[in-house]
Amino acid sequence: VLCSVPTHCQKKNESEGVIFLEEYDIRAKELQNRAVIAGWNYQTNLTEENAKKQVELNLEVAKFSKDVATDASEYDWENFSNFTVKRLFSMITTLGTAALEDEEKLEEYNNLLSEMEEIYSTGQACEYDDPETCLDLNPDLEDCMADSTDYNRLLFCWEGWRDAAGRRLADPYTKFVELSNEAVRADGWNDTGEYWRSWYETADFQQQLENIYQELQPLYQNLHAYVRRKLIDTYGAEMVNAEGPIPAHLLGNMWAQTWGNIYNLVIPFPNKPSIDVTDEMVRQGYDARRMFNLSDEFFREMGQIPMPDSFWERTMYTRPDDREVVCHASAWDFYLDNDVRIKMCTKVNQEDLVTVHHEMGHIEYFLQYAHQPLPFREGANPGFHEAVGDLLALSVSTPAHLNKVGLLPELVDDPEVDINFLMQMALEKIAFLPFGYLIDQWRWRVFNGDITPDKYNEEWWKLRTQYQGIVPPVPRNPDKDFDAGSKYHVPANTPYIRYFVSFVIQFQFHEAMCSLSGFSGELHKCDASAGAMKEIAGSRLAEMLRMGKSQPWPEAFEVLTGSRAMSAAAILQYFAPLIDWLEKQNENETLGWDNGWTPPYDCEGTGGFTCLDGSRCVRPADKCDGI
Ligand SMILES: C[C@H](N[C@H](C(=O)O)[C@@H]1CCCN1C(=O)[C@@H](N)CC(=O)O)C(=O)N1CCC[C@H]1C(=O)O
Ligand SMILES: [Zn+2]
């Protein structure tokens with residue numbers, strides 16, 4: 001019944017709709033599989049030819065999405081009775097960025113994405129006094145930020161990366177924002193941010209997030225004040241101000257998003273044992289593959305699905321030395337034949353062991369919902385997908401579990417050792433919260449036009465200082481710098497609020513898994529795999545994951561946690577002993593950082609300054625441009 005004037009003809013009925021969905025699923029999976037393969041081939045071999053093939057496939061997917069949405073609108077689906085059939089039709093007729101009509105613009109949109117991915121993944125910072133020696137982000141610059149405690153060496157790595165990637169992404173990103181908004185507007189959205197937030201199916205989503213952030217902010221301020229005091233001990237009071245924001249390059253990470261790498265500068269009880277998995281792994285000769293095996297074993301122990309053989313054959317474990325790749329770790333669902341893979345330039349250290357669990361959590365979710373119709377093969381909301389791996393890593397990271405797997409020589413039951421452990425966890429989980437929250441606060445305002453391109457960097461730093469209490473170590477050049485571009489997810493166009501949601505709900509999941517497994521005691525001591533009823537916990541987790549996106553997320557949330565709402569209570573309960581300890585530590589500290597302090601910046605005519613180790617840090621005068 002193909003009719004030219006839909007309002008005057010009989011729309012197709014529900015039983016015809018079910019047949020339509022069956023045919024759709026077969027065609028959609030086949031096409032998605034080819035598109036993901038093209039994406040994999042590009043990211044694991046950044047050639048012009050592979051970029052073109054990836055763009056071609058993305059265009060084919062967009063065309064298919066448009067055609068199938070048109071076909072779907074011939075069915076009277078809004079009036080169908082079956083919830084699942086209606087939900088599937090609703091998802092299939094939601095196009096998002098695929099709605100862009102103009103072929104040329106859609107091609108430009110996809111070319112920009114490939115180009116930005118390439119710029120980010122191949123960016124290098126070259127030594128001031130030896131332009132031939134250039135450092136990659138992974139591993140060189142990341143290792144620099146993690147290991148150096150030389151103020152000016154850190155400054156070289158921090159600024160060098162932003163010159164190499166951030167600055168070069170300003171123009172393509174500005175163009176990209178326009179095209180992305182034009183695309184989603186063709187699908188009826190006001191802007192890209194509104195389309196992204198719709199995936200949470202939560203009317204007051206932004207308000208809920210703000211409430212949770214306000215509940216967590218005091219804990220973050222206490223951690224910030226404590227760490228700031230310790231950094232003054234390391235770098236001196238003229239480089240770190242006791243009541244001001246912290247220079248952004250001193251937190252052990254290129255983006256100051258997690259602070260685990262400066263644990264050795266902030267240990268609460270230095271003369272008591274701490275966990276140092278990195279040393280233990282290196283001592284035991286761990287390689288990437290063994291780190292993956294450790295994670296897979298834990299998923300099995302928790303009754304989840306083991307990694308299929310093809311995973312072990314096709315995963316990229318380490319950075320290849322014969323081609324350019326996207327090193328930023330990611331998990332891939334190929335939608336056919338249980339083909340799931342991780343792509344990672346793994347380093348043998350604790351940080352990457354956590355990332356391996358994070359990526360494997362995505363893989364686990366892919367496997368658990370593989371039986372669902374294609375549109376339901378997503379997280380219940382994107383935060384769920386980010387939480388799975390971290391959730392299991394909360395159990396793996398406990399001293400008890402690390403001792404069990406031979407990565408922690410001795411187990412000590414001592415409240416001061418507990419504080420050392422909770423500090424390590426806070427440097428990962430509490431430090432991250434403002435970062436996880438602010439990225440999309442910035443991006444949503446870029447997409448809705450509140451932040452115009454000339455203000456991209458100024459507003460970025462306003463948010464970075466307001467939420468994280470950090471400040472750029474060198475003045476930013478308003479015409480050239482685009483520091484948001486130095487963070488993978490911005491040029492890669494991956495939304496970020498999902499990580500803030502994950503860092504909240506993973507503790508609610510952990511609390512649920514621990515009580516279901518029969519664990520009793522302080523939450524931070526729980527290793528769910530040690531619970532007498534761990535099978536119950538594992539099967540409840542699997543039951544939630546199997547649902548994919550077949551129901552609004554509170555339904556899935558309730559299966560595991562028994563509740564239907566995000567809450568900061570679980571993470572605050574987990575860190576309760578540390579909160580008390582920090583408040584005592586900070587009795588004489590000023591919480592907060594709004595005294596407007598900025599770091600001293602040595603930029604005399606010589607353009608040179610002296611490193612802490614007394615060596616002469618040659619610095620080309622142009623590094624003082626615009627200052
Ligand atoms: C290291 C991790 N890489 C992402 C992730 O695993 O989420 C990659 C890149 C972007 C999306 N992605 C995927 O793998 C998706 N295909 C997963 C999915 O299918 O949804 C990452 O970026 N993380 C981890 C913690 C904080 C954040 C960061 O490092 O800032
Ligand atoms: Zn993730």
Side-chain angles (χ1 to χ4, degrees), residues 32 35-36 39-40 42-44 113 116-117 120-121 137-138 142 145-146 196 199-200 251-261 291 295 311 315-316 325-335 339-347 349 351-370 374 376-394 427-440 443 468 484-506 545 548-549:
Q32 275 294 349
V36 175
W40 175 270
Y42 178 56
Q43 291 211 12
T44 57
L113 278 170
M116 292 194 289
E117 193 85 66
Y120 185 93
S121 299
L137 175 65
N138 179 315
E142 285 177 351
M145 300 307 293
W196 286 4
W199 303 330
Y200 292 83
L251 281 315
N253 173 277
M254 183 58 85
W255 306 277
Q257 70 184 65
T258 50
W259 301 352
N261 290 316
M291 292 160 73
S295 179
F311 169 84
T315 283
M316 186 190 97
V325 299
V326 173
C327 259
H328 191 92
S330 53
W332 295 66
D333 189 354
F334 288 77
Y335 294 107
D339 186 355
V340 289
R341 309 174 200 177
I342 288 173
K343 175 191 60 57
M344 188 168 167
C345 302
T346 314
K347 295 175 260 185
N349 63 39
E351 195 171 4
D352 274 15
L353 183 61
V354 172
T355 301
V356 165
H357 282 80
H358 179 92
E359 299 310 332
M360 210 164 265
H362 287 304
I363 300 290
E364 195 54 51
Y365 216 162
F366 299 153
L367 296 171
Q368 291 282 9
Y369 61 43
L374 187 71
F376 290 166
R377 293 173 72 171
E378 293 288 347
N381 76 41
F384 279 58
H385 233 299
E386 300 310 333
V388 181
D390 288 15
L391 162 64
L392 275 77
L394 284 173
L427 294 176
E428 291 300 314
K429 300 295 184 182
I430 303 302
F432 181 83
L433 295 171
F435 183 80
Y437 187 60
L438 76 88
I439 305 282
D440 282 350
R443 223 169 359 181
Q468 284 189 272
S486 74
K487 176 60 193 169
Y488 178 79
H489 296 66
V490 172
N493 196 42
T494 306
Y496 209 83
I497 201 68
R498 57 186 59 179
Y499 300 103
F500 177 75
V501 170
S502 158
F503 274 51
V504 173
I505 64 175
Q506 64 186 245
L545 300 181
K549 198 179 173 65

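Counting starts at 1 for both ligands and their atoms, following the listed order. Basis for what follows: all heavy atoms, side chains included, without hydrogens, waters or symmetry-related copies.
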Query raised in the report: Any heavy atom of Tyr496 sitting closer than 4.0 Å to ligand 1?
Result: yes
Query raised in the report: Does Gly252 offer a backbone N or O that forms a donor-acceptor pair with the side chain of Asn261 under 3.5 Å?
Result: yes
Query raised in the report: Sequence neighbours excluded, which residues qualify as side chain to side chain contact (heavy atoms under 4.5 Å, CB included) partners of Pro491?
Result: Met116, Tyr120, Leu169
Report task. State, with a plain yes or no, whether a side-chain heavy atom of Asn138 is found less than 4.5 Å away from one of Lys347. Result -> yes
Query raised in the report: So which heavy atom in the protein is nearest atom 21 (C) of ligand 1, and how far is it from that ligand atom?
Result: His328 NE2, 3.5 Å
Report summary line: Counting only protein N, O or S atoms and ignoring waters, those under 2.8 Å from the Zn ion (ligand 2) are His358 NE2, His362 NE2, Glu386 OE1
Query raised in the report: Nearest protein heavy atom to atom 2 (C) of ligand 1, by residue and atom, and its distance?
Result: Glu359 OE2, 3.3 Å
Query raised in the report: Hey, are the side chains of Val501 and Tyr200 touching, using non-hydrogen atoms and a 4.5 Å cut-off?
Result: yes
Query raised in the report: Backbone N or O of Glu351 within a donor-acceptor pair of the Thr355 side chain at under 3.5 Å?
Result: yes
Query raised in the report: Judged by atom type as modelled, is there a donor-acceptor pair below 3.5 Å linking the side chain of Glu364 to the main-chain atoms of Val388?
Result: no
Report summary line: min-distance protein heavy atom vs atom 28 (C) of ligand 1 -> Gln257 NE2, 3.4 Å
Report task. Could you list the residues that satisfy side chain to side chain donor-acceptor pair (under 3.5 Å) with Ser502, not counting sequence neighbours? Result -> Gln506
Query raised in the report: Relative to each other, are the rings of Tyr496 and Phe432 parallel, tilted or perpendicular (30° and 60° limits)?
Result: tilted
Requested in this report: Within a distance under 4.0 Å of any heavy atom of His362, pick out the atoms of ligand 1 and give their elements.
Outcome: 5 (C), 6 (O), 7 (O), 17 (C), 18 (C), 20 (O)
Query raised in the report: Going by heavy atoms, is Ala331 under 4.0 Å from ligand 1?
Result: yes
**Report entry** Nearest-neighbour protein heavy atom for atom 11 (C) of ligand 1, which is reported as residue plus atom name and distance
**Finding:** Thr494 CG2, 3.8 Å
Report task. Measure up the Phe366 and His362 rings against each other and bin them: parallel (under 30°), tilted (30 to 60°), perpendicular (over 60°). Result -> parallel
Report task. Measure Phe366 to ligand 1 on non-hydrogen atoms and call it side chain, backbone, both or neither using the 4.0 Å cut-off. Result -> side chain
Query raised in the report: Passes side-chain hydrogen bond (donor to acceptor under 3.5 Å, both in side chains), Glu117 versus Tyr488? Steps please.
Result: CA-CA 8 Å; Glu117 193 85 66; Tyr488 178 79; 2.9 Å; yes
**Report entry** Ligand-residue contact atoms, ligand 1 with Lys487, heavy atoms, under 4.0 Å
**Finding:** 28 (C), 29 (O), 30 (O)
**Report entry** Those residues that, when tested against Arg498, pass salt bridge (charged side-chain N to carboxylate O under 4.0 Å, His left out) (two or more places apart)
**Finding:** none
Query raised in the report: Should Met291 and Thr346 count as side-chain neighbours, where that means a heavy-atom distance under 4.5 Å?
Result: yes
Report task. Fit a plane to each ring of Tyr437 and Phe500, take the angle between them on a 0 to 90° scale, and name the class: parallel (under 30°), tilted (30 to 60°) or perpendicular (over 60°). Result -> tilted
Report summary line: atom 8 (C) of ligand 1 sits nearest the protein heavy atom Ala329 O, 3.3 Å
Requested in this report: Would you mind checking which non-hydrogen protein atom is closest to atom 24 (C) of ligand 1, with the distance to 0.1 Å?
Outcome: His358 NE2, 3.7 Å
Query raised in the report: Considering only protein heavy atoms, which is closest to atom 12 (N) of ligand 1, and at what distance to one decimal place?
Result: Ser330 CB, 4.2 Å
Report summary line: Note: Tyr488, heavy atoms under 4.0 Å from ligand 1, region reported as side chain
**Report entry** Glu386, any N or O under 3.5 Å of ligand 1 N or O
**Finding:** yes
**Report entry** Shortest protein heavy-atom distance from atom 7 (O) of ligand 1, along with the residue and atom involved
**Finding:** Tyr499 OH, 2.6 Å
